[in-house]
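Some notes on the structure that comes next.
Letters A, B, ... are given to chains in the order of the sequence lines, protein chains preceding strands, and every chain is numbered from 1.
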2 protein chains.
Amino acid sequence: MSKQGGALRLQDVATAAGVSIATASRSLSGAPGVSESVAERVREVARQMGYVANLHARSLAAGTSRSVGLVVHEIGDPYFAEIASGVLRVGADEGLTVQICHTGRDPERELDQIRTLVANRVGAIVVAGSGFVDPALQNAARTDLQAYREAGGRVAVIGRHHLGVDAVLPDNVAGGRAVAEHLLGLGHRRIAVATGWQGLTTIADRLAGVAEAFAAEGLDFADVPVVEVAFTREGGKVAAERILADHPDVTAVLALNDDMAIGVLSALRSRGIAVPERISVTGFDDVAVAQDLAPSLTTIRLPMSEMGALALELALKPPAGRPRRRTTGHELVVRDSSGPPPA
Amino acid sequence: MSKQGGALRLQDVATAAGVSIATASRSLSGAPGVSESVAERVREVARQMGYVANLHARSLAAGTSRSVGLVVHEIGDPYFAEIASGVLRVGADEGLTVQICHTGRDPERELDQIRTLVANRVGAIVVAGSGFVDPALQNAARTDLQAYREAGGRVAVIGRHHLGVDAVLPDNVAGGRAVAEHLLGLGHRRIAVATGWQGLTTIADRLAGVAEAFAAEGLDFADVPVVEVAFTREGGKVAAERILADHPDVTAVLALNDDMAIGVLSALRSRGIAVPERISVTGFDDVAVAQDLAPSLTTIRLPMSEMGALALELALKPPAGRPRRRTTGHELVVRDSSGPPPA
DNA sequence: CTGAAAGCGCTAACAC
DNA sequence: GTGTTAGCGCTTTCAG
């Protein structure tokens with residue numbers, strides 16, 4: 001990477017202002033112990049010269065840094081983009097820089113990225129995105145984060161349990177129960193579920209909620225077709241095709257995120273199947289476009305941007321004795337994609 | 001921000017491995033001048049101890065850093081989220097950390113963020129998002145970026161002219177011409193344009209392309225209603241209402257981005273106006289959901305993720321004598337939201 | 001091939 | 001209220 005030569009140093013500013021480097025330092029950082037008149041003069045000189053402090057030097061000397069890290073599966077995904085938006089917002093408010101990295105849902109890459117953040121001595125790390133049902137898959141990350149915390153770093157996660165740190169937990173179980181209840185309440189009995197890989201806790205939780213709702217109704221969830229494909233729009237299309245082929249009598253498709261639901265809607269539309277008259281469709285997350293689809297999507301709203309903000313706020317707070325948990329609310333948003341089953 | 005105490009230092013590793021700190025440094029950074037056997041041993045010791053280098057110290061000593069900055073208007077916006085995805089992808093490939101910051105389209109905030117990135121001594125800065133038609137609004141940023149470059153920093157912009165640096169330019173003019181030609185070719189003559197603030201170059205350019213198409217057809221663009229509202233979904237709704245009220249005979253609405261087009265579709269749907277039978281609607285950008293709307297959206301595709309990737313690649317290359325320009329292609333994607341005007 | 005030592009630019013004791 | 005100075009943890013000459 002390019003050499004950053006020729007930049008002004010604090011000494012240059014100090015000399016130009018006719019003060020010592022210590023006074024210059026205090027003036028610019030707003031530390032007490034300098035007369036206001038001198039401080040103001042130094043600041044003016046610095047501004048005129050276009051001085052920009054070297055934050056690496058500052059971090060090294062002070063032992064602290066004004067930056068935090070955010071780990072997401074994929075920033076192009078609206079779910080994470082909105083979370084990131086919340087994180088950046090409070091980051092900006094607090095005067096922090098935010099380093100964002102991708103993992104592509106690969107535990108290995110995730111570990112790499114976490115290490116890099118640690119090496120950058122970020123003051124806090126927010127890890128967003130589902131964890132794995134199999135704890136072994138994130139043992140390495142857990143260990144690294146633990147070491148990081150022991151060295152004084154702060155960690156918060158979004159949507160993960162089992163990591164022993166402050167967590168913001170979307171209400172996946174209750175949300176899953178709520179959508180399922182909604183469909184059951186409308187009278188649907190032949191419901192299919194479109195899901196991603198069940199090794200992700202997010203999915204396992206949502207599914208558990210759905211199962212609860214069936215059980216509460218006295219129905220056997222084992223009879224419900226659960227189609228596991230990619231947790232994406234494309235996956236939704238595939239799931240829809242498969243459901244139509246294998247279970248043609250289904251009257252509702254419960255997709256475990258909006259992305260999949262969008263794919264399902266798309267597949268049904270291209271086959272000319274009326275939603276919700278013939279088949280109802282529901283999603284989960286309430287990404288921004290859910291309301292603008294046609295038919296608009298019935299889904300579970302999760303406050304993603306707030307979740308991001310909250311996670312960073314947790315991470316920034318002094319650590320508590322035991323991990324804090326903040327469960328976000330969820331809200332069933334009934335729109336046009338769900339209705340009673342055909343008579 | 002939290003104190004990062006207690007972390008291992010290179011000296012600890014050196015001692016444990018029974019070598020000098022210099023040898024340890026060389027071993028870990030892969031520098032030549034160490035026997036492979038010693039180097040391997042040092043690396044093994046470091047791994048066992050869980051040593052993570054302090055990048056601030058490294059940057060300070062080496063005068064270089066493995067990090068870059070990305071400035072976007074709003075990461076929650078799919079347009080920028082996709083650009084960011086491209087940037088993060090090549091960043092990861094190159095082993096760089098990426099700092100992302102928001103500006104909210106506020107030139108002041110933008111300047112702040114750029115300064116912070118400079119202070120962080122990032123090796124390169126990518127600025128994404130439209131600039132301003134009025135150059136004065138970005139003079140300060142221009143000056144700062146100039147100083148940054150003189151100090152050895154690298155800069156690339158996406159979708160901005162007039163900044164005197166390497167640029168990735170979406171083909172806004174040609175794209176604008178292409179959608180307009182599409183509508184004109186279908187036979188539409190009473191077309192309205194829904195646009196955001198014309199002080200943004202992106203918008204000015206797209207509008208110029210649209211005007212060209214009208215001129216080529218021998219039509220006077222001055223007669224075309226151009227409704228300027230927020231460059232958002234909400235703005236699109238407002239624009240649609242206004243167009244319906246003031247120009248009820250319009251047969252097509254050309255929105256200058258997909259977000260607005262989605263808003264327009266939404267407003268038309270809630271009024272029961274058939275698209276494209278009664279009114280055609282077109283967008284611009286081709287965000288991921290455009291294809292899944294109902295009706296699916298006719299729009300101009302811009303390769304956003306590639307634009308982000310390309311921009312970072314440009315920034316990483318050794319600087320050229322004069323600013324490089326890469327104009328991205330555009331592609332008219334005709335879907336279901338546009339058709340011939342009603343007879 | 002390896003080690004000693006001089007900084008990188010800044011902060012924070014500690015003097016005055 | 002201001003200046004002096006010893007590091008922060010690492011890289012990189014320069015000797016050996």
Within a strict 4.5 Å, meaning less than it, do heavy atoms of the [X] and [Y] side chains meet?
| X | Y | answer |
| --- | --- | --- |
| A:Val72 | A:His102 | yes |
| B:Leu28 | B:Tyr51 | yes |
| B:Glu94 | B:Val68 | no |

Among [options], the one nearest [X] by side-chain distance:
| X | options | value |
| --- | --- | --- |
| A:Ala61 | D:dC8, D:dC10, C:dC8 | D:dC8 |
| B:Arg58 | D:dC10, D:dC14, D:dT5 | D:dC10 |
| B:Asn54 | D:dG9, D:dG3, C:dA4 | D:dG9 |
| B:Ala57 | D:dT2, D:dC10, C:dT2 | D:dC10 |
| B:Val34 | D:dT11, D:dG3, C:dT2 | C:dT2 |
| B:Ala22 | D:dT11, D:dT2, C:dA4 | C:dA4 |
| B:Arg26 | C:dG3, C:dC10, C:dG7 | C:dG3 |

Below 4.0 angstrom, N of the basic side chain to O of the carboxylate: do [X] and [Y] qualify?
| X | Y | answer |
| --- | --- | --- |
| B:Glu74 | A:Arg89 | no |
| B:Glu44 | B:Arg47 | yes |
| A:Arg115 | A:Asp112 | no |

Note to self: Applying a 4.0 Å non-hydrogen cut-off, can you work out what B:Ala53 is touching in the nucleic acid: base, sugar-phosphate, or nothing?
What the structure shows: sugar-phosphate

If only side-chain N and O atoms of [X] are considered, is one of them under 4.0 Å from the OP1 or OP2 phosphate oxygen of [N]?
| X | N | result |
| --- | --- | --- |
| A:Tyr51 | C:dC10 | yes |
| B:Ser20 | C:dG3 | yes |
| A:Ser35 | D:dT2 | yes |
| B:Ser25 | D:dT11 | yes |

Notebook entry, point to check: Toward the 5' end of DNA chain C, which comes first, B:Ile21 or A:Leu55, by nearest nucleotide?
Noted result: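 Its nearest nucleotide being more 5', the pick is B:Ile21.
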
[X] [atom1] to [N] [atom2]: how many Å, rounded?
| X | N | atom1 | atom2 | answer |
| --- | --- | --- | --- | --- |
| A:Gln11 | C:dG7 | CD | P | 15 Å |
| A:Arg121 | C:dT11 | CZ | P | 19 Å |
| B:His56 | D:dC8 | NE2 | C1' | 11 Å |

Notebook entry, point to check: To 10°, what angle do the rotation axes through the five end pairs on each side of the helix from C:dC1-D:dG16 to C:dC16-D:dG1 form?
Noted result: 40°

Next item on the list: Quick one: sort the A:His56 and B:His56 rings into parallel, tilted or perpendicular, breaks at 30° and 60°.
Entry: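 Correct class here is tilted.
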
